[in-house]
Number of protein chains: 2
Amino acid sequence: MGVTKTDNFNDEQNRLATQLKAIAHPARIAILQHIINANACICGDLVDELGLAQATISQHLKELKNAGLIQGTIEGVSVCYCIELKAWKALQNEINTMFTSYKDVNTCC
Amino acid sequence: MGVTKTDNFNDEQNRLATQLKAIAHPARIAILQHIINANACICGDLVDELGLAQATISQHLKELKNAGLIQGTIEGVSVCYCIELKAWKALQNEINTMFTSYKDVNTCC
DNA sequence: TAAATCTATCGTAATATTACGATAGATAAA
DNA sequence: TTTATCTATCGTAATATTACGATAGATTTA
């Protein structure tokens with residue numbers, strides 16, 4: 001198969017999984033870190049930085065855009081990408097909620 | 001292709017991506033939530049809870065184990081799983097570091 | 001207008017992931 | 001010992017992901 005059985009899970013679980021998948025790739029992590037470090041935005045120099053083909057970078061950027069985590073603005077001939085603060089904070093929150101929901105009570109096996 | 005070019009990225013980026021991938025699936029999120037909610041541990045009732053085949057659940061558990069996020073203890077005929085606190089906290093920290101590294105300075109596009 | 005530059009998309013090949021039935025192995029119960 | 005119960009693994013089919021060359025579209029420069 002290869003199809004995730006989305007119906008078996010609730011919306012929250014599916015949405016969180018989708019967003020996590022968006023950042024669960026070294027290239028996309030590197031892209032996000034680069035955008036963050038540049039403080040402002042970044043365009044096609046990601047291609048030089050990451051050593052991946054231009055088509056590949058573009059594809060990764062698209063996935064981050066689809067996840068709503070970044071936003072692109074056309075600037076002349078190039079495109080400037082930056083973090084979408086709202087979605088960024090929201091995802092951070094959701095992840096944190098999951099992680100902090102585990103209280104270490106020594107009742108485990 | 002389909003092979004991630006691991007060599008293009010540093011160890012931190014690759015490790016983080018691997019662990020994120022481990023939790024970037026609704027079934028595995030549901031499994032983690034279930035383990036957390038049960039407070040102690042959980043065995044094969046995940047099969048009843050999630051509506052996935054036993055082989056599928058076992059496979060997901062294996063991936064979480066491989067990521068070091070859970071730990072299983074044999075208890076008679078069944079196996080009891082629980083969160084691996086150390087790895088859990090470590091991942092939470094790494095993720096949080098990434099998210100908080102973004103300071104919203106209004107210099108973006 | 002023509003050439004140059006940058007990015008997105010298409011098509012495609014290689015590989016990974018997801019799910020499940022079948023089955024094996026291990027322990028408990030009869 | 002035999003049977004029942006539970007979990008892991010194997011094999012496999014369906015689908016998704018990753019990467020890249022080629023190319024198209026859009027804008028700027030010459």
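Chain letters run A, B, ... following the sequence lines, proteins first, then strands; residues in each count from 1.
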Starting at atom [atom1] of [X], determine the distance to atom [atom2] of [N], rounded to an integer number of angstrom.
{"X": "A/Ile74", "N": "D/dT28", "atom1": "CD1", "atom2": "P", "result": "10 Å"}
{"X": "A/Ile23", "N": "D/dT18", "atom1": "CD1", "atom2": "P", "result": "13 Å"}
{"X": "B/Gln59", "N": "C/dA22", "atom1": "CD", "atom2": "C1'", "result": "14 Å"}
{"X": "A/Leu64", "N": "D/dT17", "atom1": "CG", "atom2": "P", "result": "14 Å"}
{"X": "A/Phe9", "N": "C/dA19", "atom1": "CZ", "atom2": "P", "result": "6 Å"}
{"X": "B/Leu50", "N": "C/dC20", "atom1": "CG", "atom2": "P", "result": "11 Å"}
{"X": "B/Asn8", "N": "D/dA19", "atom1": "CG", "atom2": "P", "result": "8 Å"}

Q. In terms of ring plane angle, is the pair A/Trp88 and B/Tyr102 parallel, tilted or perpendicular, where the classes change at 30° and 60°?
A.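 A/Trp88 and B/Tyr102: perpendicular rings.
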Q: Classify the angle between the aromatic ring planes of A/His25 and B/Phe9 as parallel (below 30°), tilted (30 to 60°) or perpendicular (above 60°).
A: perpendicular
Look at [X] and [N] and indicate whether a side-chain polar atom (N or O) is within less than 4.0 Å of OP1 or OP2.
{"X": "B/Thr56", "N": "C/dT18", "answer": "no"}
{"X": "A/Lys21", "N": "D/dT17", "answer": "yes"}
{"X": "A/His60", "N": "D/dT17", "answer": "no"}

Q.
Taking the minimum atom-to-atom distance to the side chain of A/Thr4, which one of D/dA19, D/dC20, C/dA19 wins?
A.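 The listed nucleotide nearest to A/Thr4's side chain is C/dA19.
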Mind checking if [X] touches a base, just sugar-phosphate, or nothing, with heavy atoms under 4.0 Å?
{"X": "B/Glu75", "result": "nothing"}
{"X": "B/Ile57", "result": "nothing"}
{"X": "A/Leu52", "result": "sugar-phosphate"}

**Q.** Under 4.0 Å protein heavy-atom contact, by nucleotide of nucleotides 3-8 of chain D - B base, S sugar-phosphate only
**A.** --BSBB
Q. Mapping A/Gly51 and A/Gly76 onto DNA chain D by nearest heavy atom, which one lands closer to the 5' end?
A. A/Gly51
Q) Can you tell me how far OG1 of A/Thr97 sits from CG of A/Asn93, rounded to the nearest 0.5 angstrom? A)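 If I round to the nearest 0.5 Å, the distance is 5.5 Å.
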Q: Enter the distance from B/Asp11:CG to B/Gln13:CD here, rounded to the nearest 0.5 Å.
A: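 Interatomic distance, B/Asp11 CG to B/Gln13 CD, rounded to 0.5 Å: 9.5 Å.
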(Q) If only side-chain N and O atoms count, and only distance matters, is there a donor-acceptor pair under 3.5 Å linking B/Gln19 with B/Glu94? (A)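 No, because no side-chain N or O of B/Glu94 sits under 3.5 Å from a partner of the opposite role on B/Gln19.
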Q. 5'-most contact on DNA chain C: A/Lys62 or A/Thr6, nearest heavy atom basis?
A. A/Lys62
Q) Taking only residues two or more places apart in sequence, or in another chain, which ones meet B/Ser101 in a side-chain contact (heavy atoms from CB on, under 4.5 Å)? A)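 B/Ser101: side-chain contact (heavy atoms from CB on, under 4.5 Å) contacts with A/Ile36.
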Q: Find out if a path of hydrophobic residues (ILVMFWY) with successive side-chain heavy-atom gaps under 4.5 Å connects A/Val79 to A/Val77.
A: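 No: no chain of side-chain contacts under 4.5 Å links A/Val79 to A/Val77.
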